Amino acid sequence: MSKRRKKEALYFWLFISPWLIGFVGFLLGPMIASVYISLTEWDSFTPPEWVGLDNYAKALTEDPIFWKALWNTFFFAAVSVPLGLIIGVWLANLLNKRVKGRKLFRTFIYLPTLVPLVATAMVFKMVLAPSGPLNDLLGWFGIDGPEWLLSATWIKPALIILSVWGAGGATVLLLSAMNGIPRELYEAAEIDGASPWRQFWSVTFPQITPVIFFNLIMGLIGAFQIFSQVYILAPGGNVGGPDNASQMMVTLLFQEAFSFYHFGYASAVAWLLFVVILLFTLLAFRTAGKWVFYETEVK
């Protein structure tokens with residue numbers, strides 16, 4: 001390497017050193033440590049005791065709460081992610097119309113995304129109370145509202161409603177994708193006599209599938225890692241209640257680590273969650289070739 005190239009390389013490593021230090025110290029290092037901890041029994045007060053794969057065997061064969069938490073997390077992700085995408089596409093399509101005041105409507109749609117998640121969850125805890133505004137609204141129509149946060153049947157729908165409330169982020173990305181679609185494609189479709197519905201499915205939807213795919217991946221990862229909403233909405237501080245109906249993978253991990261001091265078992269649960277997220281992400285990428293369209297591709 002020339003003297004100039006060495007100098008450039010030195011500046012490169014110098015400028016990325018803060019990120020490298022943070023990555024090794026706060027991400028890679030703890031990940032490697034958690035692999036070792038997952039193979040031990042450790043309460044953070046006494047030296048860890050090697051148990052091999054016992055923690056993984058316990059989660060998969062002995063702990064019914066683990067499977068309950070896995071099912072709850074899967075159900076939440078399977079409903080909230082597609083529902084959020086459908087609402088996001090619908091809102092983006094509406095906001096893409098040339099109507100008066102659409103900039104104001106776009107602002108209102110995006111505002112919930114700017115509110116911190118903790119603050120939003122606290123507001124929803126009041127809204128979903130047995131005598132809260134939502135049940136009062138249902139009462140006007142003669143509907144006896146359920147005890148959203150106290151019922152094992154309704155706690156998951158309550159969490160899904162809260163997740164859909166933040167669909168504005170996906171809406172903005174989808175709206176940007178729609179704005180980037182060439183107008184000539186719609187003009188050609190109109191000349192061919194395509195209806196607005198046909199224009200959406202034949203022109204708009206294929207053009208925005210890359211953004212839909214991005215939101216799908218990010219939504220899946222976020223849904224499988226849900227924690228703050230469950231923790232804040234927990235009735236009476238009973239995280240995972242009632243009857244473990246809202247117990248999610250991350251809340252189970254949190255309880256095992258910081259309530260019961262089973263750090264080895266909690267680390268094993270964390271790595272099992274990582275495997276689940278990885279499998280669903282790979283599945284999404286595997287099927288993407290059948291419905292995601294890019295401009296440079298010929299289908």
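Computed from a predicted structure; not experimentally measured.
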Answer yes if V115 and L117 sit in the same cluster of Ile, Leu, Val, Met, Phe, Trp and Tyr residues linked by side chain heavy atoms under 4.5 Å apart, and no otherwise. no
Q255 meets the side-chain hydrogen bond (donor to acceptor under 3.5 Å, both in side chains) criterion, sequence neighbours left out, with Q247
The single option from N135, T153, L128 that satisfies side-chain contact (heavy atoms from CB on, under 4.5 Å) with P146 is N135
Sorted by chain and number, sequence neighbours left out, salt bridge (charged side-chain N to carboxylate O under 4.0 Å, His left out) with E41 holds for none
The reported gap from OG1 in T287 to CG in L216 (rounded to nearest 0.5 angstrom) is 7.5 Å
**Message:** Are the side chains of V51 and L39 in contact, using a 4.5 Å heavy-atom criterion?
**Reply:** no
Taken to the nearest 0.5 Å, the spacing of S202 OG from L185 CG works out to 11.0 Å
d(L60 CG, L272 CG) to nearest 0.5 Å is 5.5 Å
Original post:
Are there more than 12 heavy atoms of other residues, nucleotides or ligands under 6.0 Å from atom CG of D192?
Top reply: yes
Heavy atoms of Y56 and A268 approach each other most closely as CE2-O, 3.7 Å
Shortest non-hydrogen pair, P242 vs A152, comes out as CG-N, 3.5 Å
Mind running side-chain contact (heavy atoms from CB on, under 4.5 Å) on K156 and V79 for me, showing each step along the way? CA-CA 10 Å; K156 283 192 285 292; V79 177; over 6 Å; no
Residue set satisfying side-chain hydrogen bond (donor to acceptor under 3.5 Å, both in side chains) with T46, at least two apart, ordered chain then number -> D43
- Item | Shared hydrophobic cluster for V35 and I37 (ILVMFWY, side-chain gaps under 4.5 Å) | yes
_Taking CZ in F74 as the centre, count heavy atoms belonging to other residues, nucleotides or ligands within less than 6.0 Å. Is the count above 12?_
no
**Asked** Hey, what's the ring geometry for F254 with F227, parallel, tilted or perpendicular (30° and 60° as the breaks)?
**Response** tilted
Y265/F260 aromatic ring centres below 6.0 Å
no
_Apply side-chain contact (heavy atoms from CB on, under 4.5 Å) to residues D144 and L138 and explain how you reach the verdict._
CA-CA 7 Å; D144 188 13; L138 294 176; over 6 Å; no
Aromatic contact, W197 with W201 (centres under 6.0 Å): yes
Hits for salt bridge (charged side-chain N to carboxylate O under 4.0 Å, His left out) against R286, two or more places apart or cross-chain, chain-then-number order -> none
- Item | Side-chain donor or acceptor of N72 paired with backbone N/O of N244 under 3.5 Å | yes
Q: Could you check if a side-chain atom of F285 sits within less than 4.5 angstrom of a side-chain atom of V292, using non-hydrogen atoms only?
A: no
In terms of heavy-atom contacts, M178 and V89 come closest through CE-O, 3.9 Å
Keeping N55 on the side-chain end and A266 on the backbone end, is there a donor-acceptor pair under 3.5 Å? no
* To do: Using the six-membered ring wherever Trp is involved, compare the ring planes of F124 and W165 and label them parallel, tilted or perpendicular (cut-offs 30° and 60°).
  => perpendicular
| Got more than 12 heavy atoms from elsewhere within 6.0 Å of CZ, F105? | no
Single-linkage hydrophobic cluster, 4.5 Å side-chain cutoff, I21 and W13 together: no
Distance col, row I16:CD1 vs F23:CZ, nearest 0.5 angstrom, shows 11.0 Å
Excluding V172, membership of its hydrophobic cluster (Ile, Leu, Val, Met, Phe, Trp, Tyr; side-chain heavy atoms within less than 4.5 Å) reads L104, F108, Y110, L111, L114
message: Looking only at the side chains, is there a donor atom on one of T251 and Y231 sitting less than 3.5 Å from an acceptor on the other?
response: no
Count I, L, V, M, F, W, Y as connected when their side-chain heavy atoms are under 4.5 Å apart, and connections chain through other members. Are I86 and I212 then in the same cluster? no
### Donor + acceptor pair across side chains of S34, W271 (<3.5 Å)
yes
Neighbour count above 12 (heavy atom, 6.0 Å) for R4 CZ: no
F258 and F263: aromatic ring centres closer than 6.0 Å?
yes
**N/O donor-acceptor pair under 3.5 Å between N215 side chain and V211 backbone** = yes
CH2 (W42) and NE2 (H262) are apart, to the nearest 0.5 Å, by 13.5 Å
Q: Determine yes or no for a side-chain-to-main-chain donor-acceptor pair under 3.5 angstrom, with S38 supplying the side chain and G264 the backbone.
A: no
Are V276 and L283 connected in a single hydrophobic cluster, I mean Ile/Leu/Val/Met/Phe/Trp/Tyr linked by side-chain heavy atoms less than 4.5 Å apart? no
Indicate whether any N or O donor in one side chain lies under 3.5 Å from an N or O acceptor in the other, for Y186 and T204. yes
Students should find that the hydrophobic cluster of M122, defined by side-chain heavy atoms under 4.5 Å apart, otherwise consists of V118, I232
All heavy atoms of W67 vs all of A59, minimum pair found to be NE1-O, 3.6 Å
Note: T113 and G169 closest approach over all heavy atoms is OG1-N, 3.2 Å
d(L174 CG, T209 OG1) to nearest 0.5 Å is 10.5 Å
Quiz item: Between F224 and F76, does the ring centre distance come in under 6.0 Å?
Solution: no
Heavy-atom nearest pair, G219 first then V81, reads O-CG2, 3.5 Å
- Query: Ignoring hydrogens and geometry, is there a side-chain-to-backbone donor-acceptor pair from S163 to S80 under 3.5 Å?
  - Reply: no
Could you go through the side-chain contact (heavy atoms from CB on, under 4.5 Å) check for L159 and S246 one step at a time?
-> CA-CA 9 Å; L159 292 170; S246 64; 4.2 Å; yes
Open item on the list: Pair L137, F141 - check side-chain contact (heavy atoms from CB on, under 4.5 Å), show working.
Closed with: CA-CA 7 Å; L137 178 63; F141 298 94; 4.1 Å; yes
